[in-house]
There are 2 protein chains.
Amino acid sequence: MFNRELVKGSTSLLVLQLLNERDMYGYELVKEIGRRSNQLLQMKEGSLYPGLHKLEKQEYIEHYWQEQSKGPARKYYRITPEGKKILAERTSEWHRYVRLMNHLIGSSE
Amino acid sequence: MFNRELVKGSTSLLVLQLLNERDMYGYELVKEIGRRSNQLLQMKEGSLYPGLHKLEKQEYIEHYWQEQSKGPARKYYRITPEGKKILAERTSEWHRYVRLMNHLIGSSE
DNA sequence: TTCACCTACCTAGAATCTTTAGGTATATAT
DNA sequence: ATATATACCTAAAGATTCTAGGTAGGTGAA
């Protein structure tokens, strides 16, 4: 597993990226992030739900409910145009940051 | 400037790396990180000093005082063998994390 | 010699984020 | 009945960072 400190801060970027691919509900995001990372990234519900609420308050995402024929209703989230803008900015920030860190810790990877 | 959230978590890695190159004192670390990053990374003293104290408590670094012929004395920090071990681990964690994130946000950079 | 500024250390309190550790409810399988 | 899985949620604790100071020694200009 990754050091907890290292993982901090990039969760909102990850969530925005996944919602940019398709609408998802919270529980699905937790599972999907685990699946895609081979369980290396285990986003806790206690982090994800408040995080989603914050992103929605910032109007980067919005939600709609969808009843299911079986099981509890799902609260789907959709990225907004503003969210796409932020995603693009954050992604390029991420790359700049990685390049800089790799430079500082003496790696060309 | 980078998003504050993005920068979180890698400061101790950076500090250990710099101290692995040579002994430095706190104030020097602030300036050096700024200099090497072209002022993109501005480590605040309020973050650095408590961070150094924590690393020292974990016995990854240790300090010694050095009087100056002019100006205040300097508290130099030196990385310990344990610190070097942790640095190697954290560095490889960093690379693994970056590879994973780049995969998840769909980039080959 | 007074004032501003730089070096060099430090911390308390606020803000933010994550985890822990629950809770509620629906549906299915044993 | 009971366990398990889905699916939402939050309060409190823990960790880290920033804000916004403080202390002190030395330098340079007016």
Side-chain angles (χ1 to χ4, degrees), chain A residues 1-16 18 23-35 37 39-58 60-77 90 97, chain B residues 1-16 18 23-35 40-58 60-77 90 97:
Chain A
M1 274 303 300
F2 290 113
N3 189 301
R4 234 188 81 261
E5 296 181 23
L6 223 49
V7 182
K8 271 188 192 169
S10 355
T11 55
S12 64
L13 173 60
L14 202 45
V15 166
L16 286 176
L18 293 184
D23 296 0
M24 292 192 209
Y25 52 100
Y27 195 80
E28 184 182 15
L29 281 163
V30 172
K31 302 298 169 190
E32 185 65 11
I33 288 170
R35 195 186 64 73
S37 70
Q39 309 312 319
L40 283 172
L41 257 36
Q42 310 243 15
M43 175 138 1
K44 299 302 177 335
E45 294 186 34
S47 313
L48 180 69
Y49 288 116
L52 285 170
H53 300 159
K54 194 190 165 193
L55 285 172
E56 182 156 40
K57 203 170 164 190
Q58 293 171 313
Y60 299 154
I61 63 177
E62 58 195 14
H63 79 265
Y64 55 94
W65 284 94
Q66 207 166 80
E67 297 301 323
Q68 301 301 304
S69 55
K70 37 171 146 184
R74 294 168 177 173
K75 192 175 181 179
Y76 275 88
Y77 286 96
R90 294 256 181 102
Y97 180 64
Chain B
M1 270 308 295
F2 291 113
N3 187 302
R4 230 189 84 261
E5 296 183 23
L6 223 49
V7 182
K8 270 188 195 170
S10 355
T11 55
S12 63
L13 173 60
L14 202 46
V15 166
L16 286 176
L18 293 184
D23 296 0
M24 292 193 209
Y25 52 99
Y27 195 80
E28 184 182 14
L29 281 163
V30 173
K31 302 298 171 191
E32 186 66 11
I33 289 170
R35 194 185 64 74
L40 283 173
L41 257 34
Q42 311 243 15
M43 176 139 359
K44 298 303 176 340
E45 294 186 33
S47 314
L48 180 69
Y49 287 116
L52 286 171
H53 299 160
K54 193 191 164 192
L55 285 173
E56 182 156 41
K57 203 170 164 188
Q58 293 170 313
Y60 299 154
I61 62 176
E62 57 194 16
H63 79 266
Y64 55 94
W65 284 95
Q66 206 168 81
E67 297 300 324
Q68 301 301 304
S69 54
K70 35 171 145 183
R74 294 169 177 172
K75 192 176 181 178
Y76 273 88
Y77 286 95
R90 295 257 181 101
Y97 182 63

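Residue numbers start from 1 in every chain, and the chains themselves are labelled A, B, ... in the order their sequence lines are given, proteins ahead of strands. Atoms considered below: every heavy atom in the structure, side chains included; atoms not considered: hydrogens, waters and symmetry mates.
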Separation of atom NZ in B/K31 from atom P in C/dC6, rounded to whole Å
9 Å

Have a look at B/G26 and say if it touches a base, only the backbone sugar-phosphate, or nothing, with a 4.0 Å heavy-atom cut-off.
sugar-phosphate

Is there side-chain contact between B/R90 and B/S12, with heavy atoms separated by less than 4.5 Å?
yes

Given C/dC10, D/dC9, D/dT17, which nucleotide is nearest the side-chain atoms of B/T11?
D/dT17

Phosphate oxygens OP1/OP2 of D/dC8: is one of them under 4.0 Å from a side-chain N or O of A/Y27?
no

Does the side chain of B/D23 come within less than 4.5 Å of B/Y64's, by heavy atoms?
yes

From CD of B/Q68 over to C1' of C/dT7, roughly how many Å is that when rounded to an integer?
10 Å

Taking the side chain of A/E45 as heavy atoms from C-beta outward, which of D/dA24, D/dC9, C/dT28 is closest to it?
D/dC9

Ranking B/R74 and A/G51 by the position along DNA chain C of their nearest nucleotide, the one closer to 5' is B/R74

Just how far, in rounded Å, is P of D/dA24 from OH of B/Y49?
16 Å

Roughly how many Å is it from CH2 in A/W65 to P in C/dT26, rounded to a whole number?
13 Å

Any heavy-atom pair between the side chains of A/Y77 and A/L16 that's under 4.5 Å?
no

Short side-chain N/O contact to C/dA8 OP1/OP2 from B/K75, under 4.0 Å
no

Closest to the A/P72 side chain: D/dT10, C/dT7, C/dT26?
C/dT26

Once the angle between the rings of A/Y49 and A/H53 is folded into 0 to 90°, is it parallel (under 30°), tilted (30 to 60°) or perpendicular (over 60°)?
tilted

Measure the distance from NE2 on A/H53 to C1' on D/dC9 and round it to the nearest whole Å.
7 Å

With DNA chain D as reference, determine whether B/K44 or A/S47 sits nearer its 5' end, using the nearest nucleotide of each.
A/S47

Residues B/K31, B/E28: salt bridge by 4.0 Å N-O rule
no

Nearest-angstrom distance from the residue atom CD of A/E56 to P of D/dC9
9 Å

Taking any heavy-atom pair under 4.0 Å as a contact, classify A/G71: base, sugar-phosphate, or nothing.
sugar-phosphate

May I have the distance from B/M43 (atom CE) to C/dC9 (atom C1'), rounded to whole angstrom?
16 Å

Looking only at side-chain atoms of B/K70, point me to the closest of D/dT27, C/dT7, D/dT10.
D/dT27

Given atom NZ of A/K54 and atom P of C/dA15, what is their separation to the nearest angstrom?
14 Å

